[in-house]
Amino acid sequence: MVGKTLKRLELSEEELEILDKGSKSRSDLRLRDRSQTILWFHEGVASKEIACRLGLTLEAVYERRYRWNEKRLLSLRDAARPGSPGKLSEEMLAELKRWASEEALNAKELLSRLQAKFDINVCLNTVKNALRRMGFCWKRTRHSVKKKRSDAF
């Protein structure tokens with residue numbers, strides 16, 4: 001496939017090593033695709049060919065090259081996305097973590113403690129998500145009643 005051939009990208013040994021590791025990433029697909037794009041530009045592969053290989057538009061391929069020239073390795077990771085500020089302050093999160101570590105409380109009980117101590121009104125999912133981000137997980141204990149062979153007909 002013939003396409004517009006841009007000047008080969010010159011990369012340092014360190015950049016090549018980082019890009020090679022990034023192109024083999026199993027967990028971050030965007031990092032893998034971006035790294036592979038830059039490596040192909042370094043090898044002199046045409047833009048149209050890169051777009052076909054990755055299933056991207058030509059504009060996306062050109063954008064990746066532009067960002068690489070602008071930010072180098074910083075262009076590989078996703079930029080911070082805007083969003084609303086967190087509902088729980090650092091102090092509230094620290095208290096929540098302390099309560100969850102010291103006692104076996106469920107999310108509803110933790111929410112009611114937060115509401116009582118800090119006089120805030122947040123939903124239950126806010127507390128659950130905060131606990132997950134802190135690394136807490138919980139599972140309900142299940143009791144099963146298994147039949148014994150002697151109980152069978």
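We number each residue from 1, following the sequence as shown.
- Every pair passing salt bridge (Lys or Arg N to Asp or Glu O under 4.0 Å) that includes a residue from residues 84-97 is listed here, sequence neighbours excluded: Glu95-Arg98, Glu95-Lys117.
- Atom CD of Glu63 is surrounded by more than 12 heavy atoms from other residues, nucleotides or ligands within 6.0 Å.
- The neighbour count for Arg72 CZ, taken as heavy atoms of other residues, nucleotides or ligands under 6.0 Å away, is above 12.
- Contact check on Arg32 versus Asp28 returns no salt bridge, with no Lys/Arg side-chain nitrogen under 4.0 Å from an Asp/Glu carboxylate oxygen.
- The CG atom of Leu110 sits 9.0 Å away from the CZ atom of Phe136 when rounded to the nearest 0.5 Å.
- In Glu13, the CD atom is not crowded: 12 or fewer heavy atoms of neighbouring residues, nucleotides or ligands sit closer than 6.0 Å.
- Using a distance-only test at 3.5 Å, with no hydrogens or angles considered, no donor-acceptor pair links the side chain of Ser75 to the main chain of Lys71.
- Take Arg34 and apply the salt bridge (charged side-chain N to carboxylate O under 4.0 Å, His left out) test, not counting sequence neighbours, and it matches Asp78.
- The side-chain contact (heavy atoms from CB on, under 4.5 Å) search around Ile18 returns Glu14, Leu73, not counting sequence neighbours.
- Note: Leu39 CG to Ile50 CD1 = 10.0 Å, rounded to the nearest 0.5 Å.
- Atom-to-atom distance recorded for Ser35:OG and Leu16:CG is 11.0 Å, nearest 0.5 angstrom.
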Show the numbers, then the answer: is there a side-chain contact (heavy atoms from CB on, under 4.5 Å) between Lys24 and Asp20? CA-CA 7 Å; Lys24 295 173 183 165; Asp20 189 49; 3.2 Å; yes
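- In terms of the side chain to side chain donor-acceptor pair (under 3.5 Å) criterion, Glu43 has no residue partners (sequence neighbours excluded).
- Partners of Glu109 under the salt bridge (charged side-chain N to carboxylate O under 4.0 Å, His left out) rule, at least two apart in sequence or in another chain, do not exist in this structure.
- Under a 3.5 Å cut-off, the side chain of Glu15 and the backbone N or O of Ser12 do form a donor-acceptor pair.
- Tracing side-chain contacts under 4.5 Å through hydrophobic residues (I, L, V, M, F, W, Y), one never reaches Leu54 starting from Tyr66; they form parts of separate clusters.
- A distance of 8.5 Å separates OG1 of Thr126 from CG of Leu111, quoted to the nearest 0.5 Å.
- In terms of the side chain to side chain donor-acceptor pair (under 3.5 Å) criterion, Asn106 has no residue partners (sequence neighbours excluded).
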